[in-house]
Amino acid sequence: MSLRQQSLTAAAIAIATAAAGGALTPLDDWYYGLQQPWFTPPDWAFGPAWTLIFTLTATAGVLCWRAARESRLQRWVLGVFLANAALNVFWSFLFFWSQRPDWALTEVGVLWSSVALLVFVGSRLDWRAGALLVPYLAWVSLASLINQQVVALNAPFH
């Protein structure tokens with residue numbers, strides 16, 4: 001697969017992930033009725049943050065793919081990135097679509113672990129890939145804290 005094909009594939013996965021997550025994230029009366037912790041970023045910050053994160057993640061994915069060389073390892077790398085994308089979308093489904101921040105709080109631990117795995121794998125394959133994924137880990141860490149506080153401030157959920 002050429003670099004162009006790899007880049008287009010990574011971009012398509014990132015765009016599909018962003019679109020699916022966005023479709024499952026209605027900012028409606030339910031969401032605005034939740035008490036938010038004081039450190040929740042303003043709504044306008046989420047679009048640019050996720051755009052940057054998905055761009056960095058797609059770039060890291062291409063770097064990892066190219067560094068993997070063997071087809072078996074390339075498939076494994078692709079699987080790790082796809083699993084992370086699915087967990088990312090699933091968190092949005094639980095928190096926003098299902099209106100269950102309590103369930104999302106459990107899932108965000110798995111999501112955070114998958115991002116940490118991406119950082120580790122990326123660092124082993126190409127140090128630049130690992131570095132590009134650190135902002136994603138930081139953002140999911142912040143999201144985890146916000147999720148925990150939303151649950152503490154608003155529970156119980158039904």
Handout entry: Aromatic centroids of W103 and F90 separated by under 6.0 Å
Key = no
Handout entry: pair V80-F120: side-chain heavy atoms closer than 4.5 Å
Key = no
Problem - Student check: side-chain heavy atoms of P41 and L142 closer than 4.5 Å - result: yes
Problem - Residues forming a salt bridge (charged side-chain N to carboxylate O under 4.0 Å, His left out) with R66, sequence neighbours excluded - result: none
Exercise for the section: Count the heavy atoms of every other residue, nucleotide or ligand shown that sit under 6.0 Å from CZ of F157, and state whether that count exceeds 12. Expected result: yes
Problem - Centroid separation W50 to F54 less than 6.0 Å - result: yes
Practice task
First locate atom CH2 of W38, then atom CD of Q149, and finally report the distance between them rounded to the nearest 0.5 Å.
Solution key: 10.0 Å
Fill in the blank from the handout: Separation between CZ (R69) and CD (Q74), nearest 0.5 Å, reads 9.0 Å
Practice task
Determine whether F96 and L145 fall in the same hydrophobic cluster, where Ile, Leu, Val, Met, Phe, Trp and Tyr are linked whenever their side-chain heavy atoms lie under 4.5 Å apart.
Solution key: yes
Fill in the blank from the handout: One should read off an interatomic distance between L105 CG and W91 CH2, to the nearest 0.5 angstrom, of 10.0 Å
Exercise for the section: Carefully, step by step, assess F93 and S98 under the rule side-chain contact (heavy atoms from CB on, under 4.5 Å). Expected result: CA-CA 6 Å; F93 171 78; S98 299; 3.4 Å; yes
Practice task
Look at the side-chain heavy atoms of Ile, Leu, Val, Met, Phe, Trp and Tyr, link any pair under 4.5 Å apart, and say whether L87 and V140 land in one connected group.
Solution key: yes
Problem - pair Y136-N84: side-chain heavy atoms closer than 4.5 Å - result: yes
Completion exercise
Apart from V62 itself, members of its ILVMFWY cluster (side-chain separation under 4.5 Å) are L3
Problem - Atom pair CD/CH2 of Q5 and W65 - distance to nearest 0.5 Å - result: 10.5 Å
Handout entry: Closest heavy-atom pair and its distance - S123, G130
Key = OG-CA, 3.4 Å
Could you list the donor-acceptor pairs under 3.5 angstrom formed by side chains in residues 13-29, with sequence neighbours left out?
{"from": "T17", "atom 1": "OG1", "to": "I13", "atom 2": "O", "distance (Å)": "2.8"}
{"from": "T25", "atom 1": "OG1", "to": "G21", "atom 2": "O", "distance (Å)": "2.5"}
{"from": "D28", "atom 1": "OD1", "to": "W30", "atom 2": "N", "distance (Å)": "3.2"}
{"from": "D28", "atom 1": "OD1", "to": "Y31", "atom 2": "N", "distance (Å)": "3.1"}

Exercise for the section: Using a 4.5 Å cut-off on heavy atoms from C-beta on, say whether the side chain of L137 contacts that of L133. Expected result: no
Practice task
Decide side-chain contact (heavy atoms from CB on, under 4.5 Å) for L73 and L125; before the verdict, give the C-alpha distance in whole Å, the side-chain angles of both, and the deciding distance to 0.1 Å.
Solution key: CA-CA 10 Å; L73 184 55; L125 291 169; 4.1 Å; yes
Fill in the blank from the handout: Rounded to the nearest 0.5 Å, the CD atom of Q6 sits from the OG1 atom of T59 at a distance of 12.0 Å
Practice task
Examine L132 and L82 and state if one hydrophobic cluster contains both, with Ile, Leu, Val, Met, Phe, Trp and Tyr joined whenever side-chain heavy atoms are less than 4.5 Å apart.
Solution key: no
Practice task
Decide yes or no for S114 and L118: does some side-chain heavy atom of the first lie under 4.5 Å from some side-chain heavy atom of the second?
Solution key: no
Handout entry: Minimum heavy-atom distance L153-Q35, with the two atoms named
Key = O-OE1, 3.0 Å
Problem - Spatial distance of atom SG (C64) from atom CZ (R128) [nearest 0.5 Å] - result: 10.0 Å
Practice task
Using modelled atom types only, decide if a donor and an acceptor are shared between the side chain of N147 and the backbone of P101 within a distance under 3.5 Å.
Solution key: yes
Problem - Single-linkage hydrophobic cluster F46~L56, side-chain heavy atoms < 4.5 angstrom - result: no
Practice task
Report yes if some heavy atom in the side chain of V150 is under 4.5 Å from a heavy atom in the side chain of F95; otherwise report no.
Solution key: yes
Problem - ILVMFWY cluster, V151 and L94 together (side-chain gap under 4.5 Å) - result: no
